[in-house]
Structures are given as C-alpha cells and as structure tokens.
2 protein chains.
Amino acid sequence: MPMTPSPSAHRDIPAATVSRLPTYLRALHSAAARGITTVSSGQLASAAGVLPTQLRKDLSHLGSHGVRGVGYNVARLITEIARALGLGRAWPVAIVGMGNLGRALAAYSGFGTEGFHVVAVLDRDPALVGEQVAGLTVRPIEDLPALVAELGIAIGVLATPSDGAQTAADALVAAGVEAILTFAPAALALPPHVSLRRVDLATELHVLAFLRASLSDLPDVGVAG
Amino acid sequence: MPMTPSPSAHRDIPAATVSRLPTYLRALHSAAARGITTVSSGQLASAAGVLPTQLRKDLSHLGSHGVRGVGYNVARLITEIARALGLGRAWPVAIVGMGNLGRALAAYSGFGTEGFHVVAVLDRDPALVGEQVAGLTVRPIEDLPALVAELGIAIGVLATPSDGAQTAADALVAAGVEAILTFAPAALALPPHVSLRRVDLATELHVLAFLRASLSDLPDVGVAG
DNA sequence: CAGACTTTGTGCAACGCTTCACAAACCCCT
DNA sequence: AGGGGTTTGTGAAGCGTTGCACAAAGTCTG
C-alpha cells in the first residue's frame with residue numbers, strides 16, 4: 001500500500017488541535033511580518049495564549065518537526081499548518097441572509113484572508129435582491145445552484161433568522177455546498193457528509209452571565225474596592 | 001439575605017453543561033410559546049440536537065427534577081435553567097468598536113433577549129464619536145468608567161481590530177467590567193478574575209476548510225452523484 | 001388495587017484532551 | 001572534539017465529558 005509514506009498526517013488530527021491551528025498560524029504570520037525566522041514553542045505558545053507543552057503536542061500531530069535546542073522555522077511551520085488545514089487553495093464563500101449580521105460579515109475583513117473570499121451574497125427577501133452589499137449584488141436564493149456551479153462555492157454562511165435557517169441550509173446542501181457556518185441559534189438537520197459549525201452569540205452572552213454570576217457568589221472576591 | 005439553602009446547586013456545574021443550557025432554554029421557550037406544558041427528555045433533546053442521556057445528565061446538575069413516566073414541566077424548567085445561568089436580572093452590555101461588526105452587533109436582535117441589553121456603544125475614533133448607532137450615541141473610550149458606574153455595565157463586547165483589542169480590554173477592566181466577549185483574533189492578557197469568551201470567525205472558517213478538505217481526501221464519498 | 005408501561009436519575013466504563021516529566025537531539029563555545 | 005545549555009518530542013498520568021445500562025419512580029388501565 002503506497003499511502004504516501006511521510007507527509008500523510010492528514011487525518012487523525014484531534015479536533016481540539018485543529019481549532020487551535022488557525023491561532024498559531026496567525027501568530028506565525030505576525031512573527032514573519034516582523035522579520036522573525038525562528039520561534040521556540042514557548043514564544044509561539046505565549047503569543048497564542050496556550051501552554052508550550054500543548055503547542056508542541058499539537059504540532060506533533062502535523063508530522064512537522066522543529067529543531068531541538070533551536071525552535072521552529074517560521075516559514076516552514078506556516079507551510080505545514082496551512083497544508084494541514086487545507087489552505088493554499090481558494091475557498092469561495094457564499095453568505096445567505098443580508099440582515100445586519102450578514103452585511104457586517106460580507107464586509108468583515110477577517111473573511112478575506114487565507115484564500116477565503118465572499119463571492120456571493122443572497123437573501124430570500126425580494127426587496128433586498130439587487131442591492132449592493134460590499135461590492136456584490138444581492139441574489140435570490142433560487143440562484144444558489146447556478147452560483148455554486150459557476151463560482152465553485154465551497155462554504156456557506158448562514159446569517160438568517162432562526163426560522164429561515166433550515167430552509168436556507170437545505171438550499172445550500174441541494175446546491176452542493178458541504179460546509180456550513182451558521183449564526184442562527186437553531187438545531188439544523190443536515191446530511192451526515194455536510195460539515196456544520198455553529199457560532200451562537202446569545203449562548204456566549206449566557207455563558208458569560210453564568211461565569212460572572214458565580215463570581216459574585218464567591219465569598220470574598222471582587223466586592224470591596 | 002436568607003441564602004436559600006436547598007436550591008444552591010449554583011457552582012460545580014460542568015462547563016460543557018453550561019454551554020448547552022442556553023440551547024435548552026431556547027427550545028423550552030419555543031415549546032412554551034406553542035402551548036406545550038410538558039416535555040420528555042427525548043423531545044427536548046432532539047429539539048436541542050443532543051442525546052436524551054446527555055440532556056438528563058445536564059439537567060441533573062441543576063437539582064431540577066422531572067417526573068418519571070411523564071417528563072419535565074416546561075415553565076418550571078425554564079425557571080430552573082434561567083436561575084442556574086444567572087438570568088432573571090438585567091445584564092447591561094457595552095460594545096467597544098463601531099466598525100462593521102460592532103454596528104451589526106449593536107443592532108442584532110439576539111443581543112436583546114433574556115435581560116441582555118446594549119446600553120452603550122463606544123469607539124476610539126473621534127470621527128465616529130457622536131454618531132447614532134442602533135439608537136445610541138457613540139461615546140469615546142474615556143467615558144467607560146462613568147458609563148459603567150452609571151449604567152451598571154456588567155459585560156463588555158470587543159468588536160475592535162486586533163491591534164486595539166488589548167487596549168480596549170484594559171479600559172474595560174479598569175472601568176470595572178469583569179466579563180468580556182471578544183471577536184478580535186488576538187490573545188488577551190487579563191486579570192484572573194475577569195471572565196473571557198472568544199468568538200473567532202476566521203478560525204471557524206479554517207476549521208470548516210479542514211473538515212471539508214479531509215472529506216475530499218476520503219476514498220469513495222461524495223464524489224459520484 | 002395490581003400490573004404493565006413509560007420516563008427519569010445515575011453509577012460506571014470508555015474516550016479524548018491536557019498536563020507533567022523526562023529523555024533525545026541539537027547548537028555553541030572552548 | 002567534548003561538554004554544557006537549550007529546546008523539542010512523547011510516554012504516561014490525571015481530568016473532564018460522553019454514552020450506556022439499569023434501577024427507581026411515577027402514570028395509566030382494567
């Protein structure tokens with residue numbers, strides 16, 4: 001079995017590790033921009049807000065190797081992480097739902113790096129169709145199959161209200177999109193081969209309220225000034 | 001203060017459970033709105049997208065008790081979860097950074113439920129100060145201490161670019177805010193008593209790219225129609 | 001009132017992730 | 001060339017979370 005002997009650490013990267021790799025990548029880009037060519041696990045870890053041990057264990061899953069006594073080559077590590085994450089190709093993104101959040105996401109600069117590009121914005125509301133948002137014309141949902149085929153859209157972002165989320169998700173899946181990022185606080189039913197990622201702003205606030213409230217319960221902390 | 005002896009399961013609720021409670025709460029509100037007064041763990045779990053066992057274990061940390069053979073009383077469970085999360089009081093929120101994202105968050109309806117209210121919006125840029133956003137006047141960062149004292153602000157939301165995030169966070173902490181939700185993709189250094197929660201949109205896209213890419217690597221899935 | 005049925009609550013095992021401790025490997029200086 | 005210092009890579013322990021299996025507890029029917 002060939003199986004590409006050395007650089008085949010593709011799979012079996014723990015999910016927790018994957019979710020930290022983008023942070024490492026950002027810190028590495030920042031270091032490279034400052035002309036730094038080598039970093040130790042301690043430096044990189046503190047830039048990323050994790051422990052050095054965790055960074056090293058994370059990196060060990062990549063098959064990437066640092067140099068003992070020296071550290072990691074910044075440029076090489078950037079390449080390794082980018083490859084592990086599947087970057088290095090273009091990732092055309094479509095955003096469905098052009099309310100406040102959808103507009104902000106369309107204009108958000110964080111969505112325009114590392115190969116991610118918003119190439120289509122859509123809305124169900126005919127009143128919004130045809131408007132210009134972040135340099136793009138708002139299209140109706142019915143255009144999705146054509147847009148996906150034409151632009152190679154690989155990721156769909158749902159910024160619709162909760163009630164429209166399932167319908168919009170179904171439309172994305174029907175059009176061939178297999179990765180969805182949703183901001184709608186609703187449980188979506190999707191085929192198993194579609195990857196889903198949820199960002200729930202209300203939940204984050206609730207968790208913070210819980211943390212803050214249990215803080216106040218504590219006997220002697222944070223009361224006196 | 002009486003201290004309410006029996007229902008004091010406040011602390012030692014697992015973090016994973018806390019992060020699911022808001023979802024349950026939302027499903028319960030939806031059920032209540034439809035006139036449903038009793039739900040089984042199976043029904044509620046499927047509405048929330050988790051397994052019934054997990055729902056029951058989560059709920060067991062609340063001290064709340066359902067009725068065997070019947071299920072949970074919707075109204076009572078709403079009260080129990082809300083109390084566990086520290087809801088039932090007002091949570092004034094301040095948003096720092098009035099770029100695209102900050103504006104969208106200020107107008108986002110999901111931030112206006114369950115006692116959460118955006119009561120102040122701020123920006124470092126003098127050109128933005130004085131503008132109206134979502135019915136509020138943009139204030140300069142220097143006003144934070146006065147606003148926190150006056151409005152009882154308990155939660156700060158950071159929607160600034162990465163470079164300004166640490167400064168803005170310091171200003172929030174100095175003003176007395178002890179819970180921060182940040183959208184800036186930067187590692188923040190904060191005093192240990194301040195609760196921090198990060199939402200990183202770029203990371204979510206990267207993770208999706210990884211999931212999508214490993215999907216394509218798979219031998220025989222999703223290729224043929 | 002008894003027995004069948006339903007649904008909750010929970011001890012326990014399995015799993016994954018994090019952290020520690022330490023050996024292996026490399027550089028640099030003399 | 002050798003020794004000291006530094007940093008990586010990883011086995012193993014510790015911890016929290018998930019999922020299972022089953023007993024306990026309640027309702028409903030005859």
Side-chain angles (χ1 to χ4, degrees), chain A residues 6-7 9 11-24 27-28 31 36-74 76-77 80-81 84 187 203 207 210-211 214, chain B residues 6-7 9 11-24 27-28 31 36-74 76-77 80-81 84 187 203 207 210-211 214:
Chain A
S6 22
R11 240 170 315 273
D12 77 355
I13 299 181
T17 294
V18 172
S19 71
R20 278 185 298 266
L21 289 180
T23 307
Y24 303 156
L28 286 166
I36 299 171
T37 60
T38 300
V39 287
S40 70
S41 66
Q43 294 168 327
L44 190 50
S46 97
V50 301
L51 295 175
T53 326
Q54 184 158 70
L55 178 85
R56 290 202 299 273
K57 173 99 30 176
D58 282 342
L59 259 41
S60 76
H61 294 293
L62 267 57
S64 165
H65 289 284
V67 181
R68 307 192 183 205
V70 177
Y72 298 89
N73 179 289
V74 171
R76 197 166 106 85
L77 197 49
E80 293 284 347
I81 294 181
T203 290
V207 172
F210 170 83
L211 295 173
S214 13
Chain B
S6 25
R11 239 170 315 273
D12 76 356
I13 300 181
T17 295
V18 171
S19 72
R20 280 186 296 267
L21 289 179
T23 307
Y24 303 157
L28 286 166
I36 299 171
T37 61
T38 299
V39 287
S40 70
S41 66
Q43 294 166 326
L44 189 51
S46 99
V50 301
L51 296 175
T53 324
Q54 185 157 69
L55 178 86
R56 291 203 297 274
K57 178 137 315 201
D58 282 342
L59 261 39
S60 76
H61 294 293
L62 268 58
S64 167
H65 289 285
V67 180
R68 303 188 185 210
V70 177
Y72 297 89
N73 178 290
V74 172
R76 198 166 106 86
L77 197 49
E80 293 283 347
I81 294 180
T203 291
V207 172
F210 170 83
L211 295 172
S214 14

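In what follows, every chain begins at residue 1, and chains take the letters A, B, ... in the order their sequences are listed.
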Requested in this report: For side-chain contact (heavy atoms from CB on, under 4.5 Å), just list the numbers for A/Leu77 and A/Ile81, CA-CA rounded to whole Å, side-chain angles, deciding distance to a tenth of an Å, and then say yes or no.
Outcome: CA-CA 6 Å; A/Leu77 197 49; A/Ile81 294 181; 4.2 Å; yes
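- Spacing between atom CD of A/Gln54 and atom P of C/dG16 amounts to 17 Å, rounded to whole angstrom units.
- For the side chain to side chain contact (heavy atoms under 4.5 Å, CB included) test, residues two or more places apart in sequence or in another chain that qualify with A/Arg56 are A/Ser41, A/Pro52, A/Tyr72.
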Query - side-chain contact (heavy atoms from CB on, under 4.5 Å) between B/Tyr24 and B/Val50, worked out - result: CA-CA 10 Å; B/Tyr24 303 157; B/Val50 301; 3.8 Å; yes
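- The side chain to side chain contact (heavy atoms under 4.5 Å, CB included) search around B/Ile36 returns B/Ala31, B/Arg34, B/Val39, B/Val74, not counting sequence neighbours.
- Rounded to whole angstrom, the span from the CG atom of B/Leu77 across to the C1' atom of C/dT8 amounts to 13 Å.
- In 5' to 3' order, the nucleotides of DNA chain D bounding all contacts with chain A (an atom under 4.0 Å from a heavy atom) are D/dT6 to D/dA12.
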Query raised in the report: In B/S/- notation, 5' to 3', how is nucleotides 25-30 of chain C contacted by protein heavy atoms closer than 4.0 Å?
Result: BBS---
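- At whole-Å resolution of the value, CG in B/Leu55 and C1' in C/dT7 are 12 Å apart.
- A donor-acceptor contact shorter than 3.5 Å links the side chain of B/Arg76 to the backbone of B/His65.
- Comparing B/His65 and A/Thr53 by the nucleotide of DNA chain C that holds the closest heavy atom to each, the one mapping nearer the 5' end is B/His65.
- The interatomic distance linking B/Glu80 (CD) with C/dG9 (P) rounds to 11 Å, in whole Å.
- A/Thr17 pairs by the side chain to side chain contact (heavy atoms under 4.5 Å, CB included) definition with A/Ile13, A/Pro14, A/Arg20, A/Leu21, A/Asp58, A/His61, not counting sequence neighbours.
- With sequence neighbours left out, the side-chain hydrogen bond (donor to acceptor under 3.5 Å, both in side chains) criterion links B/Thr203 to B/Asp200.
- Contacts between residues 36-51 of chain A and DNA chain C, defined by a heavy-atom separation below 4.0 Å, involve A/Leu51, listed by number.
- An OP1 or OP2 oxygen of C/dG9 is reached within less than 4.0 angstrom by no side-chain nitrogen or oxygen of B/Arg56.
- In this structure, the side-chain hydrogen bond (donor to acceptor under 3.5 Å, both in side chains) partners of A/Glu80, at least two apart in sequence or on a different chain, are A/Arg83.
- Protein atom NZ of B/Lys57 is 11 Å distant from nucleotide atom C1' of C/dA13, rounded to whole Å.
- Residues forming a side chain to side chain contact (heavy atoms under 4.5 Å, CB included) with A/Val70 (at least two apart in sequence, or on another chain): A/Thr38, A/Val67.
- To the nearest 0.5 Å, the span separating CG on A/Asn73 from OG1 on A/Thr37 amounts to 6.5 Å.
- Judged by distance alone, the side chain of B/Gln43 and the main-chain N or O of B/Ser40 form a donor-acceptor pair under 3.5 Å.
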